[in-house]
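The structure presented is a predicted model; accordingly, all values stated were derived computationally and were not measured. Worth knowing before you read on, the calculation uses all heavy atoms, side chains too, and leaves out hydrogens, waters and symmetry mates.
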Amino acid sequence: MDAVADAIAAIDNDEAPDKETLKSAVRELLRELAAKAPGHSVEVRVPPYGAVQCVEGPRHRRGTPPNVIECQPVVFVELAVGRLAFADAVASGRVTASGQRADLTEVLPLTGLHGEALEEEE
């Protein structure tokens, strides 16, 4: 999670993370999201760096998915490390979420506030 830590450090310094760091951080966090909430009922899009399907439920097969979450890369990093609450991000328009299952509240955060791994629950 080095890229995540580097992206957070840049954000903490009121700087924009460089593109390669941000791309790596988003992709790491999307992989973590897919592992933590496996499934195919929600598509999470973080353009231009990636998208994953996650969350248990009905599998989407063709056309536009019924449950879509989309946001900018820095917003996704802030959500993933717990610096931004999902409901607040949706309410402020920083995240678009459509569909009944388009809510990541139960699976966030993916890492600690500085990009460190979370302790696994026993």
#### Entry: Residues, nucleotides or ligands: over 12 heavy atoms within 6.0 Å of Asp2 CG
no
### Message
Does anything in residues 27-36 form a side-chain hydrogen bond (donor to acceptor under 3.5 Å, both in side chains)? List the pairs, not counting sequence neighbours.
### Response
none
### Reported CG-to-CG distance for the pair Asn67 and Asp103, which is rounded to 0.5 angstrom
10.5 Å
### Query
Do Val68 and Val75 share a hydrophobic cluster (ILVMFWY, side-chain heavy atoms under 4.5 Å, transitive)?
no
### Task
Working to the nearest 0.5 Å, report the span between CG of Leu108 and CG of Leu110.
5.5 Å
### Task
Indicate yes or no: at least one non-hydrogen side-chain atom of Asp6 is less than 4.5 angstrom from one of Pro17.
no
### Message
Any side-chain to backbone donor/acceptor pair from Ser41 onto Val55? Under 3.5 Å, distance only.
### Response
yes
### SG-CD distance between Cys54 and Glu43, expressed to the nearest 0.5 angstrom
9.0 Å
#### Entry: Where Gly50 and Leu30 come nearest, the two heavy atoms and their spacing
C-CD1, 3.6 Å
### Task
Start with the C-alpha gap between Val44 and Phe76, add the side-chain angles, then the distance that decides, and say whether side-chain contact (heavy atoms from CB on, under 4.5 Å) holds.
CA-CA 10 Å; Val44 177; Phe76 183 69; 4.1 Å; yes
### Task
Indicate yes or no: at least one non-hydrogen side-chain atom of Leu33 is less than 4.5 angstrom from one of Leu104.
yes
### Message
Distance check, rounded to the nearest 0.5 Å: Gln72 atom CD versus Arg45 atom CZ?
### Response
13.5 Å
### Query
Considering all heavy atoms of both residues, which atom of Ala25 and which atom of Val77 are nearest to each other, and what is their separation?
CB-CG2, 4.4 Å
Under 3.5 Å, sequence neighbours excluded: what are the donor-acceptor pairs made by side chains of residues 93-101?
unit_1	atom_1	unit_2	atom_2	d
Arg94	NH2	Glu78	OE1	2.7
Thr96	OG1	Glu70	O	3.4
Arg101	NH1	Glu56	O	3.3

Using residues 79-88 as the side-chain source, report each donor-acceptor pair under 3.5 Å to any protein atom, sequence neighbours left out, with the distance given to one decimal.
unit_1	atom_1	unit_2	atom_2	d
Arg83	NE	Leu113	O	3.0
Arg83	NH1	Asp12	OD1	2.4
Arg83	NH2	Asp12	OD2	3.3
Arg83	NH2	Leu113	O	3.0
Arg83	NH2	His114	ND1	3.4

### Message
On a heavy-atom basis, which atom in Cys71 and which in Pro47 lie closest, and how many Å separate them?
### Response
O-CD, 3.5 Å
